[in-house]
Amino acid sequence: MKNLALLATLVTGALLLYGTKDFPAWGDPQDPASTYLSPYYIENAVEQTHVPNIVTAVLGDYRGYDTMFETVVIYCAGMAVLSVLWRKKEE
Amino acid sequence: MRDIHEHTAGEDLIIKTSVRLMVPFIQVFGLYVIVHGHYSPGGGFQGGVILGASFILLALAFGMKTSQEYMTVGVNAVLNNLGPAIFIGVGVLCTLFGGLFLDYSALDKLIPLGPVEWRSFGIFLIEIGVGVAVMSIMVLLYWNLSSGGSMDEGL
Amino acid sequence: MIWQLDLMILTLVVICALVAINIKDLLGASVVFGIYSFLMCLLWAEMGAVDVAFTEATVGAGVSTIFFIAAILRTTRRSRD
Amino acid sequence: MNATNLHLFVLVVPLLSALAINLLGRRSRQWIAPMVLGSLAFSVFGSIIIMARVIEHGTLSYTVGNWQPPYGIELVVDPLSALMMVLISVVALLASFSSLKSVEQELPGREHLFFTLYMILIAGLFGLVLTGDAFNLYVLLEITSITTYGLIAMGRGRAALSSFNYIIMGSIGACFYLLGIGYIYILTGTLNMADIARILPTLNAPVATATAIAFALVGLWVKMAFFPLHSWLPNAYSQAPTGAGTMVAPLMTKVTVYLMVRVILSMYTPALVFTHEWIAQGVVWASALAIICGSVLALGQKDLRRMLTYIIVAEVGYMVGGIFLANANGLTGSILHIVNDALMTLCLFLVVAAIIYRQGSVSLVSLQGVFRRMPITMAAFTLGAFAMIGVPPTCGFFSKWYLILGGIDGGHWEFVIALVASSLINAVLFFRIIELAYFGSLQDGDHHEHLSTQRHEAPWWMLSPLVLTAVLLIVVGLSTGPLINNVIRLMIPVGF
Amino acid sequence: MTPIVSIWPLAAILVSLLGALPILLSDRQPNLRESWTIVIALIKLTIVASLLPWILEGGSYVFTIAQVIPGVPIELRVDALGMIFALVASCLWLFTSIYSIGYMRALNEHAQTRYFASFAVAISATLGIAFAGNLLTLYLFYEVLSLSTYPLVTHKQNAEARTSGRKYLTYILGTSIGLALPAMLITYSVAGTLDFTAGGILAGKASPELLALLVVLFLFGFAKAGLMPFHGWLPAAMVAPTPVSSFLHGVAVVKAGVFAIFRVIFHILGPETLQTANLGSLITYIAAVTVLVASLVALTQDSMKRRLAYSTIGQLAYMVLGAGMLSALGMLGGIMHLAMHAFGKITLFFCAGAIYVASKKKNISQMDGLGRRMPITYLAFFIGSLSIIGMPPLGGFISKWNLLLGAVEGDQLVLIVVLLVSSLLNAAYFFPIVYRGFFVPAKDGEEEGIKEAPLFCLVPLSVTAFVSLALFFFPDTLLQLARMALGIW
Amino acid sequence: MEMIVDEIVAKYNYWIYVVLMMIGFYAMIGKRNLMKKLIGMNIFQTSIILFFVSTGVKKGGGIPIVDKYQALAGNVDAASIVNPLPHVLMLTAIVVGVSVTGVALAVLQRIYREYGTLEEDEILEKLQR
């Protein structure tokens with residue numbers, strides 16, 4: 001069992017490592033992740049939302065829909081824990 | 001579980017006093033983090049966790065009953081729902097004023113502050129919602145996890 | 001960003017992760033996991049992700065560890081692996 | 001209320017009602033039923049209207065917060081997602097009639113919590129179907145998962161253990177998906193599905209792309225319990241509270257399959273996913289294996305609900321295989337089967353709920369002679385069984401038709417044989433039960449008069465959705481043609 | 001002539017399907033329930049008969065129920081071939097309904113409501129098969145027929161019924177899903193349509209190997225036709241009450257199988273296509289083996305109904321044999337035998353049931369001397385058996401004569417021998433029954449108190465026997481329909 | 001050789017994340033203690049978060065908080081500030097992670113209540129009896 005798990009882990013890891021072959025170098029300012037969407041946020045967020053913390057701006061507004069579900073996730077966790085651990089009051 | 005509370009009186013006193021002193025500061029800090037999320041790292045979630053942590057600290061130091069004197073189970077339940085409700089409510093409000101969901105600038109029709117200011121303020125509103133939700137849920141999680149669901153006596 | 005620091009923290013993180021999953025005492029494991037989270041938080045702060053670091057500091061190293069400890073005290077500290 | 005916001009309200013109304021149920025249901029149970037049913041009825045109407053509009057005007061795009069994609073999150077309602085919305089809302093509405101009754105019996109005192117999670121789950125499913133953003137999909141996937149973990153763990157006995165296994169497997173699935181998205185994000189710098197589909201083929205990064213596709217797909221496979229990653233499903237679904245089972249079993253795996261279709265069609269583009277023929281072939285072989293194994297494992301079960309969960313595993317094989325046949329018929333069959341299987345599973349799980357409500361168990365032994373006690377329930381069960389076997393004109397036949405046709409077109413005889421074999425095994429499975437229910441115990445010879453012949457039918461709350469679902473099985477079957485022409489055919493990409 | 005779009009074919013099917021509802025609802029009032037059954041049967045026969053004239057003029061009716069798969073709707077189409085089957089089925093249903101009432105009441109059977117309701121659904125499905133406009137529709141009704149007869153087969157709800165029900169479904173569903181469905185899909189995948197078209201839809205589209213595969217899949221896939229080795233369900237299904245055996249397993253169900261094979265040979269694969277691929281002999285040999293083996297097995301059976309069942313298997317194979325000759329006369333004989341055998345065999349089953357009702361006897365060896373107590377029944381039995389054997393002046397002669405002519409025309413010596421030998425075998429397993437009934441004296445006191453079955457039983461069996469006789473003298477309508485079905489009038 | 005060194009220098013931290021992931025993943029599927037599995041899950045999640053966050057890194061980039069008035073004046077150099085989008089995503093992921101952990105801990109308590117142990121082997125043993 002443990003060997004199987006180890007094998008699965010190694011295979012997964014090897015795949016992931018192999019996948020990094022095509023990546024741009026780490027921290028390269030020219031990689032697509034830094035040149036496609038993020039400049040828009042950095043340059044326009046303050047102008048469009050008056051929030052200097054760009055993360056807050058994106059979190060609260062551009063991707064507010066995600067954040068709404070984030071809140072719902074944590075709400076769900078609370079309710080799930082409550083219902084899972086629920087006991088009759090007499091006990 | 002009882003043995004945890006069987007410390008020597010002096011040690012207990014030090015902990016209790018320091019917690020009593022710290023809690024207000026932590027809470028103020030939490031509020032600051034929520035409110036100042038626009039300008040510095042932080043926001044509703046982090047502030048909410050800090051606020052929740054203050055109650056958890058109370059529960060750790062004085063037992064669950066004490067922490068429930070500060071925030072009763074009923075209040076907690078209301079806050080649980082209030083948080084997400086604020087967030088979703090703001091979103092719905094935007095649609096009621098003719099905008100798309102979560103398009104805060106539409107709220108300009110409610111109080112004319114200017115669309116961009118409203119975006120900023122809208123973010124603030126939802127951060128409060130997040131903060132309230134996270135705070136109460138964190139407390140709820142702690143209560144439940146540390147008491148096995150009975151929510152009367154803690155660790 | 002200082003790469004020596006970066007590498008050092010990364011090494012520590014890996015060590016912490018290994019310890020956390022191999023230590024037999026669950027309470028110890030969760031404390032080590034808290035340290036792991038804290039190191040992560042340093043790493044992120046150093047990468048410029050201040051918000052994420054702040055969150056991880058409050059959640060990962062803070063509340064999450066408390067939850068773990070609470071749950072472990074309600075159940076058992078014993079682990080066979 | 002602005003009509004353009006309608007698809008959002010389909011989602012938000014259940015979400016808000018979840019909060020309201022939590023708050024008000026805590027005080028009095030009476031609030032729960034009207035709010036659950038009211039908000040779901042609203043969703044049903046809303047999604048039907050959206051469906052009509054999509055068929056009329058074509059794909060609708062919605063930008064949350066009025067931020068143009070890819071900067072903001074885009075919601076896309078194309079014919080397929082409109083279809084899924086209708087499916088989800090209808091199934092949820094029908095299931096909740098039954099759930100309300102069985103939860104009242106099984107989880108007294110926790111009803112408000114149950115229905116809070118339940119409604120959020122439904123909202124999450126709507127969100128999954130609507131979203132056009134890869135990361136948003138992850139968040140919603142986790143919402144549906146967390147609610148399901150909670151719902152399942154509310155069951156008695158082993159439920160907690162099953163739920164924990166599900167948590168571990170579900171997290172692995174979600175994390176794999178997230179990894180896939182991470183790889184994609186590094187390569188393309190965007191998270192909008194349409195945007196990814198636009199950029200990805202222009203990149204020259206075959207290895208990373210392949211890894212990204214593989215991880216996202218494997219993640220989804222874990223979530224949909226594709227054999228051999230299915231081990232969590234049978235326990236989880238069969239030990240959940242009955243009310244949760246009726247809702248989760250028909251929808252969760254099906255929506256995940258839908259997500260796979262979505263991811264393949266509008267994010268990774270079929271051309272990229274099916275680049276390597278041997279991979280597609282391997283997946284078809286795996287699904288043929290899934291079908292056979294699921295069916296055979298179902299044969300070994302001594303409990304109706306457990307048996308059904310293994311059938312779900314087999315059905316997942318149908319759908320995955322159909323997609324990876326990579327031809328128009330196979331894809332049509334898979335999409336059709338998503339709808340049909342949801343309805344069939346709903347029908348059968350409603351029967352299970354009804355029988356459990358009356359007898360407390362659906363082990364095969366306890367089903368003896370149940371035909372006499374609950375004739376209408378069992379009649380509906382028979383129809384559901386026919387659909388599962390694939391007897392025309394129930395809907396199960398038509399999707400199977402397309403799947404087999406796709407298999408023939410693609411020359412995948414192993415898939416064809418697996419499908420036919422599983423139909424036969426299903427026939428054995430279900431007739432075994434029908435026989436038990438019809439004949440009862442034959443221990444005491446021919447004296448059938450001595451069996452308990454007391455009619456003890458399930459309450460109307462459970463019976464009416466059941467009968468309606470059974471009728472739907474035939475109605476949907478007969479309207480396969482319009483369904484394909486108006487909805488599914490629009491989704492088949494060019495060149496398929 | 002262009003087909004007329006008409007709802008009447010659907011009405012003919014629906015009338016008994018919807019009729020199941022009032023039957024179910026009048027659960028507590030047997031008289032009302034049974035009048036419903038008869039009323040529905042009458043309406044159905046009327047509707048079917050009213051469709052006849054236009055068909056005889058060479059026209060047809062169509063009705064599309066639903067568009068389900070591009071190119072393959074669920075569609076009803078009434079043509080001459082379907083009309084023969086529909087006419088025979090709806091006509092005999094009326095007699096069977098009347099007979100059922102007598103039989104079920106005399107034996108005081110349980111769950112009669114379910115019985116009559118299932119019966120109504122089954123006859124709907126039978127008509128659906130007759131009127132199906134394409135293979136998919138036919139398959140649909142074929143499956144509905146299989147499933148709706150399950151409660152009838154297992155009517156007794158005892159261990160034996162359960163075993164038989166299992167066997168029945170295993171054979172019927174197993175073959176239809178496992179063989180016929182893939183065959184149909186392969187056909188669709190090759191031809192792009194499943195419409196019944198004179199001359200077939202596969203001409204020039206399929207290789208001989210594929211055709212051979214399809215022939216085998218279809219022949220065995222429609223296992224209701226009872227071709228060996230997929231015949232085992234039929235004797236097993238004889239645990240059902242006799243009206244069920246007589247109507248369903250003498251007429252509706254088994255003929256549905258043969259009819260489906262006819263449709264496939266005539267309108268899907270196409271006789272000429274098969275001829276070119278030299279596949280006729282494949283069909284005829286499969287059928288010939290069944291004819292002989294079934295007749296031989298029938299000889300060894302002591303149980304009356306089992307003997308009749310094996311006889312049925314043999315006779316069904318005759319029809320397939322005729323179709324497999326692929327010559328005009330052979331196919332004509334096959335179609336005619338479908339009708340003629342129906343009237344003959346239902347008479348025999350009715351008689352078997354009447355004997356059981358009157359004397360509770362199931363085995364032939366116990367039936368010594370019964371003929372003197374039940375002369376009408378035994379006379380009818382005699383007439384029926386003559387028809388099956390193919391003696392003039394009875395209907396069966398016409399069909400068997402045509403079959404023989406077809407074999408002669410095709411110079412197929414083997415088939416001629418098979419036909420003659422099996423006719424002798426037929427005689428060999430039927431005559432002893434009649435002989436025992438009339439000439440072997442009963443054991444002492446055994447037949448005390450035995451008299452003719454109730455009138456409800458007696459009248460139908462006399463009528464069907466009479467019809468068998470009449471069909472020899474007035475076969476014109478049927479012959480014309482059969483010729484039209486083959487396009488050779 | 002030069003290329004390999006370049007490759008290592010450019011991507012070494014991706015590799016370390018993969019190692020972390022493997023540790024977490026192994027703990028999830030290989031460890032028999034349920035709490036350990038949960039810790040493994042957390043490690044797995046944090047490693048993914050680390051991976052995402054590092055996609056936003058720019059060599060020499062500043063934190064994504066700008067001066068409001070300079071930004072309004074248009075004086076922001078996008079290249080000098082790290083990519084904020086992954087941070088946003090990962091905030092959400094962290095929340096999801098802690099939520100799942102919370103639910104899992106609750107479920108673990110239920111399991112402990114039921115079986116008195118958190119070892120998978122012992123639980124399975126108890127189930128068989």
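By convention in this document, chain letters (A, B, ...) are assigned in the order of the sequence lines, proteins followed by strands, and residues within each chain are numbered from 1.
Both the backbone and the side chain of C/I21 have a heavy atom closer than 4.5 Å to some heavy atom of chain F. At a 4.5 Å heavy-atom cutoff, the contact between F/I43 and chain C is made by backbone and side-chain atoms alike. Heavy atoms closer than 4.5 Å to chain C are found nowhere in F/L34, neither backbone nor side chain. Looking at C/Y36, only its side chain comes within 4.5 Å of chain F, counting heavy atoms on both sides. Both the backbone and the side chain of F/N42 come within less than 4.5 Å of a heavy atom of chain C.
Considering only heavy atoms from C-beta on, F/Y17 comes within 4.5 Å of C/L10 through its side chain.
Of residues 53-63 of chain C, those residues lying under 4.5 Å from chain F by any heavy-atom pair are C/T55, C/E56, C/V59. Contacts between residues 27-34 of chain C and chain F, defined by a heavy-atom separation under 4.5 Å, are made by C/A29, C/S30, C/F33. For a heavy-atom cut-off of 4.5 Å, chain C lies close to F/T117, F/L118, F/E119, F/D121, F/E122 in residues 113-126 of chain F.
Nearest heavy atom pair, residue F/Q109 against residue C/A71, reads NE2-CA, 3.5 Å. The nearest pair of heavy atoms linking F/L91 to C/V52 is CD2-CA, 4.1 Å. Annotation for F/H87 and C/G48: closest pair CE1-O, 3.6 Å, computed over non-hydrogen atoms.
Between F/M35 atom CE and C/I72 atom CD1 the span is 4.5 Å, to the nearest 0.5 Å. Rounding to the nearest 0.5 Å places CD1 of F/I49 at 5.0 Å from CH2 of C/W44. A distance of 6.0 Å separates CG of C/L26 from NZ of F/K36, quoted to the nearest 0.5 Å. Note that the OG1 atom of C/T11 and the CD1 atom of F/I16 stand 6.0 Å from one another [nearest 0.5 Å]. To the nearest 0.5 Å, the span separating CD1 on F/I23 from CG on C/L18 amounts to 4.0 Å.
Among the candidates F/V53, F/N33, F/I63, F/T101, the residue making the largest number of heavy-atom pairs closer than 4.5 Å to chain C is F/N33. Among F/V98, F/I65, F/I94, the residue making the largest number of heavy-atom pairs under 4.5 Å with chain C is F/I94. Residue with the most contacts toward chain F among C/S37, C/S79, C/A20: C/S79 (heavy-atom pairs, distance under 4.5 Å). Of all the listed residues (F/V95, F/L38, F/L50, F/I39), the one sharing the greatest number of non-hydrogen pairs under 4.5 Å with chain C is F/L50.
For the 3.5 Å distance criterion, the side chains of F/K31 and C/N22 qualify, holding a donor opposite an acceptor. There is no side-chain donor-acceptor pair under 3.5 Å between F/Y112 and C/T76.
Applying the side-chain hydrogen bond (donor to acceptor under 3.5 Å, both in side chains) definition to pairs two or more places apart or across chains, none involves residues 59-70 of chain C.
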